[in-house]
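Everything below concerns the one structure shown next.
Small disclaimer: the values here were computed from a predicted structure and weren't measured.
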2 protein chains.
Amino acid sequence: MKKVSISDIARKAGVSVSTVSFVMNDKAVKMRISREVIEKVENVAREMGYRPNQLARGLRTGKTKTIGLIVENISNAFFATLAKTIEDEAKKYDYKVVYCSTDNDEEKARELINMLSQRQVDGYIITPTLNLADEIRKLQAESKPVILIDRYFPQHDEIPAVLVDNFEGVSRGTEYLISKGYRKIALVTIESEMAHMKDRVRGYCEILKKHGIGSEGHQVKVIPYNSGKEAAMQEIESVLSGAGESVDAVFFLTNYLGVLGIEVIKKLRIKVPEQLAVLCFDDNDIFRLYTPTISVIRQPVEEIGQKAMAALIERLKHSGEDVVQENEPVQLHADLVPRESI
Amino acid sequence: MKKVSISDIARKAGVSVSTVSFVMNDKAVKMRISREVIEKVENVAREMGYRPNQLARGLRTGKTKTIGLIVENISNAFFATLAKTIEDEAKKYDYKVVYCSTDNDEEKARELINMLSQRQVDGYIITPTLNLADEIRKLQAESKPVILIDRYFPQHDEIPAVLVDNFEGVSRGTEYLISKGYRKIALVTIESEMAHMKDRVRGYCEILKKHGIGSEGHQVKVIPYNSGKEAAMQEIESVLSGAGESVDAVFFLTNYLGVLGIEVIKKLRIKVPEQLAVLCFDDNDIFRLYTPTISVIRQPVEEIGQKAMAALIERLKHSGEDVVQENEPVQLHADLVPRESI
DNA sequence: GACATGGGCTAAAACGATTTAGTTCTTATC
DNA sequence: GATAAGAACTAAATCGTTTTAGCCCATGTC
């Protein structure tokens, strides 16, 4: 049994396809279709179980009512929540979201953009990878709106972005550790050329400098991006094994690193916070449930999603008018959530 | 700047659209297009940054190379992993996946199926809700292949399913608790009319009966589906507050319940396993990291994803030949992963 | 020199919608 | 009684592809 099309309905109802189309799109009144015909068509459509073909519709109208969401990794709690928020928000405006993960791979990100572009999505929300700016400029050149989230390109202020103030967030966290008396604070971060991570590291460095903490209390461990879980844990272990001696606090710069860190701490049976204070950027269920509970800098995930979506919808409304607005990235505040680990 | 179409290329290269189409689809040789023309077209296409419009292509061919994945909740670890596996698997066959969550809502599930159908996906992998069988039969009637995962409809063996042997998994877990000497085992489950959950409960009941454990050791707590987090924790608390007295072990039948359970245990400061042994159906990062580590019945998530995808691809190949095969649900084994909590 | 063969391409229909510009009536207006 | 206005529809173009059928030309065969 084939799918029923608009012309099947037209035939059965004894009217033209145009009439059916008008009825299905609530333009019947405007097009002065009579009450009886409207009802007839509606009945036939219902009986036959008609479902409009969105490919045909999209092809004709140039709008798919779909937005593409590209994140780093959808199975990561932060991005999963973000995706959920964006989806809920999109639904309010009658948009559907299709999401995909880059795994932080430049090439994959390009492929995803290509795929979404081929599928004619109306707009994009993207967690960018390095060197993606040119590809994104192409989308803008086709006058497709794009909003970056979580990361941004400092040298491209024509690409709007919504993210947390990373510098401020990490500064605040570091300041807190210092205020609690810790002086040998190790930083564990992931290898990244991107501005948002540099901002985080800069936050740490500047606060240490401000308090006159020199090389004795300044220790940055950079985990290479593609280290497997084992290798990464090894690296973290090399820092944390100094707990109580060379290190009295550790600040993990991402959620994922924090979880690995917990695993190392558990393995080494380090006493938190007696031997080591622990702080992590970005919250996670595990941090709330672990004993002791782990303090975090919490990003306002819902707010990021909502703001990004609002910005996108705004541009979607005025689409076609390819005005390239200049915009400072929208920077939101990240809160410190103190728990038992400090 | 508008998107470039096949006819833009044709014009610029001085050939017909058909020729361009043949070249772009690697049918040039079969269609006896000359070497020079092929190169010319390829160059022009590259220069102009051509990206084929998948809407048009899908409309013409009737295939979108897309499969629809409907899960209960994509931000749940189990489904997130499942989604990832299915996506990876799909890519091997050059299919793209679009996923969405039902939140276990019948109505929403129907809407999602409708949406995917309108978008002309080629096949479906669905975690069904109650009463969804009829809607799924309609898809089959349009000869669209559907594979159920995680759940099934016992009275509809014409809808193929891939899932874990829930009865066996829970039986094994219960048996293990008993073998360790526990005799007052509480079961915490979520309200559900669906067969997979009934199978789980049945596994528990039968093993207790087999060991002659009567009402004194038999306690089933059913959490209503839409209780908020607080209400659910309250319910769980009402069971666990008997730890060491009316209850000596608890078996959570889902991942989510287990996490809530941990939170309650933490709050009540129950000593695990001294006062209470804990077992949960379905693994989670938290269970590995919590102190003590929590024993689980682990579902072979990757295997479920792979088997489901394999079954779908098989049917996709023979699509059009609407043979309704009858098939026993594929039932995989769930392993017991003993940890410190028992 | 008529006819077949095959190489190298193109025209045009089709997919299923939307939308513009009509067409055909009926009724009102002067 | 001619004309205009509106009511109730419809024809046909269009979106960007794929694909079938066929065109034109050169070469080979008898």
Side-chain angles (χ1 to χ4, degrees), chain A residues 2-42 44-45 48-66 117-122 142 320, chain B residues 2-42 44-45 48-66 117-122 142 320:
Chain A
K2 285 277 295 162
K3 281 203 163 165
V4 355
S5 80
I6 215 174
S7 66
D8 295 328
I9 297 176
R11 201 170 315 119
K12 188 143 177 185
V15 297
S16 74
V17 281
S18 340
T19 304
V20 179
S21 173
F22 294 141
V23 173
M24 298 323 286
N25 291 287
D26 290 329
K27 296 192 175 155
V29 174
K30 206 172 88 194
M31 287 293 139
R32 309 195 197 81
I33 307 295
S34 67
R35 200 65 250 141
E36 316 130 67
V37 172
I38 294 181
E39 272 166 24
K40 172 123 193 193
V41 170
E42 279 171 347
V44 173
M48 302 182 75
Y50 172 65
R51 286 168 171 162
N53 182 327
Q54 295 293 350
L55 299 187
R57 189 191 289 234
L59 179 58
R60 174 62 232 238
T61 60
K63 308 249 144 282
T64 52
K65 281 291 185 178
T66 300
S117 165
Q118 295 191 174
R119 284 186 156 73
Q120 318 297 122
V121 301
D122 294 340
E142 289 171 1
Chain B
K2 284 278 295 161
K3 281 204 164 167
V4 356
S5 79
I6 216 174
S7 65
D8 296 327
I9 297 176
R11 202 171 313 117
K12 188 145 179 185
V15 298
S16 74
V17 278
S18 339
T19 304
V20 178
S21 173
F22 293 141
V23 173
M24 299 322 287
N25 291 288
D26 290 329
K27 296 192 175 154
V29 174
K30 206 172 88 193
M31 286 295 138
R32 311 194 195 83
I33 308 295
S34 67
R35 202 61 256 137
E36 315 130 66
V37 172
I38 294 182
E39 272 166 24
K40 171 122 193 195
V41 170
E42 279 172 347
V44 173
M48 302 183 75
Y50 172 65
R51 286 168 170 160
N53 182 327
Q54 294 293 349
L55 299 187
R57 192 193 287 238
L59 178 57
R60 172 64 232 235
T61 62
K63 307 249 145 281
T64 52
K65 281 288 183 181
T66 300
S117 164
Q118 294 192 174
R119 285 186 155 74
Q120 316 297 123
V121 301
D122 295 339
E142 289 171 1

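For B/Phe22, taking side-chain heavy atoms from C-beta onward, the closest of the listed nucleotides C/dT19, C/dG16, D/dT19 is D/dT19. The side chain of A/Thr19 has D/dC9 as its nearest neighbour among D/dC9, C/dA17, C/dG8. For A/Leu59, whose side chain is taken as the heavy atoms from C-beta onward, the closest listed nucleotide among C/dC9, D/dT17, D/dC15 is D/dC15. In this structure, of C/dA17, D/dT10, D/dT18, it is D/dT18 that holds the atom nearest to the side chain of B/Ile6. Set against D/dG16, C/dT19, C/dT10, the side chain of B/Ala56 has D/dG16 as its closest nucleotide. Comparing D/dT17, D/dC9, C/dG8 against the side chain of A/Ser34 picks out D/dC9 as the nearest.
Of the side-chain N and O atoms in A/Ser5, none sit less than 4.0 angstrom from OP1 or OP2 of C/dG16. The side chain of B/Ser7 places no N or O atom within less than 4.0 Å of a non-bridging phosphate oxygen (OP1 or OP2) of D/dG16. Residue B/Asn25 has a polar side-chain atom (N or O) positioned under 4.0 Å from OP1 or OP2 of D/dT18. At D/dT19, one or more side-chain N or O atoms of B/Lys27 fall inside 4.0 Å of OP1 or OP2 (strictly under the cut-off).
Counting non-hydrogen atoms under 4.0 angstrom, B/Met31 reaches a base of the nucleic acid. Residue B/Arg32 is in base contact, counting any heavy-atom pair closer than 4.0 Å across all strands shown.
Straight-line distance from the CE atom of A/Met24 to the P atom of C/dT18: 9 Å, rounded to whole Å. Computed from coordinates, the A/Lys30 NZ to D/dA7 C1' distance equals 16 Å when rounded to whole Å. In this structure, B/Leu55 atom CG and D/dT14 atom C1' are separated by 15 Å, rounded to whole Å. One interatomic measurement links the two molecules: NZ of A/Lys3 to P of C/dG16, which rounds to 10 Å at whole-angstrom precision. Between B/Gln54 atom CD and C/dC15 atom P there is a gap of 20 Å when expressed in whole angstrom units. Following rounding to the nearest Å, B/Gln120 (CD) and D/dT17 (C1') show an atom-to-atom distance of 15 Å. Distance, B/Asp26 CG to D/dT18 C1': 14 Å, rounded to whole Å. Rounded to an integer number of Å, the gap from NZ of A/Lys63 to C1' of C/dT18 is 14 Å.
With hydrogens and angles ignored, a donor-acceptor pair closer than 3.5 Å exists between the side chain of A/Ser18 and the base of D/dA11. Residue side chain A/Arg60 reaches the base of D/dT14 through a donor-acceptor N/O pair under 3.5 Å, judged by distance alone.
A/Gln120 has its side chain within reach of B/Lys3: a pair of non-hydrogen atoms, C-beta onward, lies under 4.5 Å apart.
Side-chain atoms of A/Asn25 never come within 3.5 Å of backbone atoms of A/Lys27 as a donor-acceptor pair (strictly under, hydrogens ignored). Here the side chain of B/Ser21 pairs no donor or acceptor atom with the backbone of B/Val17 at under 3.5 angstrom.
Checking B/Ile33 against B/Thr61, the closest nucleotide of DNA chain C that is more toward the 5' end is the one next to B/Ile33.
Summarising the geometry, atom CD belonging to A/Gln54 is positioned 8.5 Å from atom OG1 belonging to A/Thr61; distances are rounded to the nearest 0.5 Å. For the atom pair CG (A/Leu59) and CZ (B/Arg60), the distance works out to 13.0 Å, reported to the nearest 0.5 Å.
Dense packing is recorded around NZ of B/Lys65, with more than 12 heavy atoms of other residues, nucleotides or ligands lying under 6.0 Å away.
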